[in-house]
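Residue numbers count from 1 along this sequence. When reading the values below, keep in mind they use all heavy atoms of this one structure, side chains included, and skip hydrogens, waters and symmetry mates.
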Amino acid sequence: MQFYSTRDKSLRADQRRAIMDGLAPDGGLYMPVEIPVLPDSFFKALPGMTLPEIGATVLGTFFGDGLSKAQIETMAADALNFPIPLVGIRERMATLELFHGPTMAFKDVGARCMARLLGTCVQQEDDHTYVLVATSGDTGSAVANGFHGVDGIRVIILYPSGKVSPVQEKQLTTLGGNVYALEVDGVFDDCQRMVKQVFSDPEMRKEFRLTSANSINVARFIPQSIYYFHGVGQMQGAEATVTIPSGNFGNLCAGLFAQRMGLNIRRFVAATNVNDVVPAYLQSGKYEPRASVATISNAMDVGAPSNFERILDLFDHDHARIAEVIHGYSFTDDETRSAIAKVFQEFNYLLDPHGAVGYLAMKKELADNGGMGFFLETAHPSKFPEVVEQATGLKVEIPERMQELMSREKKATRVPADEQALKDFMRALD
């Protein structure tokens, strides 16, 4: 499979180069030159397929170059060794629980697949590969877990100081070894900017072998399409509306890939908090990034979502076509807290703040436009105990693995929101 840059379609890279580089040389994001439509036989078999079987199909479609069928199947079985159940909430609405992996967040799927794909690439290298990651919450912990102990790789995670939950912070700052955490005096957009500036610096690319495990990397976001197939399969292939709590928009972009591959998805709903740059674009046709605002659904606190560039590319920058396939809604923290409380009271189901935003958007979409489907529950509620307990009055049970985590010592380096600080840190490591 060849990949092109969203900013210059003549700029091409093979599979290994796209994974290793993360970002195209011109600053664009890599996209596959084609999104193949899967055969009818696959969709007929889909309701009975396991998650690893679906995963092997998707990974083989986009990343099969140089890898045998057996290697791909082993990779999928190893990465996707946890359940992703579809759970009914109310009439015509279910949730796809993506929090049963090692770090209890949806990003385990992409991070674990990418770690294995990248591992096959770095085997051919003599020096360390540096994985740079900006996180607003769960990306950092999933990447830290997925890459911890992988030979030939050093992971540097940038997160905004005071703007991730205590559990999230522990997950990304306590592993040590080849995983390093930088606590940035700023917001997520600062962390993302710092990573992009290092990637675009020719001198840093000469000094270091760089890649990213953010959803800007094709090996991170494309595997997330796997659970859309799995969710629709559990609906026995029925046409679905799918709602995605959205921040950097890699998750929604992966869903669009699944749809282009032939999956029976009626429409996507982008659910955001007050960082509503994309819902505003869907209404007006004007894309106007802005500084992010801190909310209780912190993983969605993104004011300049990187992957929206891919969505524009998919639809040839045609606003009308995008707005036909994607609807968007945004909600305040008060509305989010109220949803957590009401869903628990009415349906005895515990939402995390991100899933609550997804629930609200799904409820509105089905009321306005009909249909049926599911929203993504992207993180376990125990990662946000203060918010959930305040909304429900319920003491949130912390899983045993999380209790052990909270006793570990935090190891992070505090840095200003300046790319030079990241460069200095990397040079001190090397």
Side-chain angles (χ1 to χ4, degrees), residues 1 3 6 29-47 49 51 54-55 57-63 84 86 92-96 98 106 109-110 113 215 218 220-246 248-271 278-279 281-282 305 307-329 358 361-362 365-366 369-376 378:
M1 177 71 75
F3 296 83
T6 51
L29 305 184
Y30 280 120
M31 290 281 280
V33 294
E34 63 172 328
I35 302 177
V37 176
L38 296 176
D40 289 343
S41 58
F42 171 82
F43 293 103
K44 288 178 182 177
L46 183 60
M49 293 177 72
L51 182 65
I54 297 168
T57 298
V58 173
L59 294 178
T61 297
F62 291 100
F63 303 109
I84 300 181
L86 189 71
R92 299 187 295 127
M93 185 194 301
T95 184
L96 192 64
L98 298 172
F106 81 96
V109 172
C113 287
S215 54
V218 291
R220 231 302 298 280
F221 94 89
I222 290 178
Q224 292 175 180
S225 65
I226 293 165
Y227 46 72
Y228 291 91
F229 290 101
H230 190 50
V232 173
Q234 290 176 77
M235 292 180 63
Q236 303 302 307
E239 184 182 58
T241 293
V242 183
T243 299
I244 303 101
S246 300
N248 219 14
F249 279 79
N251 208 357
L252 197 151
C253 193
L256 290 167
F257 269 52
Q259 186 186 53
R260 293 286 179 96
M261 293 169 77
L263 189 61
N264 192 15
I265 294 178
R266 177 189 188 192
R267 183 176 292 117
F268 293 94
V269 182
V278 173
Y281 162 83
L282 294 170
N307 282 285
F308 195 64
E309 185 170 333
R310 282 193 169 110
I311 294 174
L312 291 172
D313 182 83
L314 270 176
F315 291 91
D316 296 321
H317 293 253
D318 187 327
H319 171 261
R321 288 176 58 205
I322 294 172
E324 184 178 349
V325 175
I326 306 171
H327 289 179
Y329 306 104
M362 190 71 175
E365 174 67 20
L366 296 187
N369 299 297
M372 61 183 293
F374 57 88
F375 65 94
L376 305 186
T378 55

How long is the gap from OG1 on Thr378 to CG on Leu98, to the nearest 0.5 Å? 7.5 Å

Do any N or O atoms from the side chain of His319 and from the backbone of Leu282 form a donor-acceptor pair under 3.5 angstrom? yes

Full working for side chain to side chain contact (heavy atoms under 4.5 Å, CB included) between Thr61 and Phe42: CA-CA 12 Å; Thr61 297; Phe42 171 82; over 6 Å; no

Main chain of Pro223, side chain of Ser225: is a donor-acceptor contact present, judged purely on distance under 3.5 Å? no

Which value, rounded to the nearest 0.5 Å, describes the distance between Phe229 atom CZ and Leu51 atom CG? 12.0 Å

So do Phe375 and Met93 actually touch side chain to side chain, heavy atoms under 4.5 Å? yes

Could you please spell out the steps behind the side chain to side chain contact (heavy atoms under 4.5 Å, CB included) verdict for Asn251 and Phe106? CA-CA 9 Å; Asn251 208 357; Phe106 81 96; 3.4 Å; yes

Would you say the side-chain atoms of His230 pair up with the backbone N or O of Leu86, donor to acceptor, closer than 3.5 Å? no

Any Phe249 side-chain heavy atom under 4.5 Å of Ile244 side chain: no

N/O donor-acceptor pair under 3.5 Å between Gln234 side chain and Ile84 backbone: yes

Any donor-acceptor pair under 3.5 Å from Arg220 side chain to Gly250 backbone: no

What's the shortest heavy-atom distance between Ala240 and Met235, and which atoms? CB-SD, 3.7 Å

Residue pair Ile326, Val278: steps toward the side chain to side chain contact (heavy atoms under 4.5 Å, CB included) verdict: CA-CA 10 Å; Ile326 306 171; Val278 173; 5.6 Å; no

Find the distance between CG (Leu46) and CD1 (Ile54) and round it off to the nearest 0.5 Å. 5.0 Å

Taking every heavy atom of Ala238 against every heavy atom of Val232, the minimum-distance pair comes out as O-CG1, 3.8 Å

For residues Ala254 and Phe221, report the shortest heavy-atom separation together with the two atoms involved. CB-O, 3.2 Å

Dump the intermediate steps for side chain to side chain contact (heavy atoms under 4.5 Å, CB included) on Met261 and Phe62, then the final yes or no. CA-CA 11 Å; Met261 293 169 77; Phe62 291 100; 3.6 Å; yes

Of Val242, Ile322, Ile311, which is the lone residue that meets side chain to side chain contact (heavy atoms under 4.5 Å, CB included) with Phe268? Val242

Which residue is it: Leu96, Thr95, Thr243? I am looking for the one with a side chain to side chain contact (heavy atoms under 4.5 Å, CB included) to Leu376. Leu96

Nearest heavy-atom approach of Gly237 to Asn264 is O-ND2, 3.3 Å

Give a yes or no on whether Glu239 atom CD has more than 12 heavy-atom contacts from other residues, nucleotides or ligands under 6.0 Å away. yes

Any His327 side-chain heavy atom under 4.5 Å of Asn369 side chain: yes

Heavy-atom closest pair, residues Glu34 and Pro36: O-CD, 3.5 Å

Does Ser215 form a side-chain hydrogen bond (donor to acceptor under 3.5 Å, both in side chains) with Asn307? I'd like the steps, not just the answer. CA-CA 7 Å; Ser215 54; Asn307 282 285; 2.7 Å; yes

If every non-hydrogen atom of Leu314 is compared with every non-hydrogen atom of Arg260, which pair is closest and at what distance? O-NH2, 3.0 Å

Assign the ring pair Tyr281 / Phe308 to parallel, tilted or perpendicular, where the plane angle (0 to 90°) is split at 30° and 60°. perpendicular

Side chain of Gln259, backbone of Ile265: donor and acceptor closer than 3.5 Å? yes

Quick check: does any side chain N or O of Arg321 sit under 3.5 Å from a backbone N or O of Phe315, one acting as donor and the other as acceptor? yes

Quick check: does any side chain N or O of Arg310 sit under 3.5 Å from a backbone N or O of Leu29, one acting as donor and the other as acceptor? no

Quick one: do Glu365 and Arg267 satisfy salt bridge (Lys or Arg N to Asp or Glu O under 4.0 Å)? Show the steps, please. CA-CA 10 Å; Glu365 174 67 20; Arg267 183 176 292 117; 3.1 Å; yes

Establish, yes or no, whether a centroid distance under 6.0 Å links the rings of Tyr228 and Phe257. no

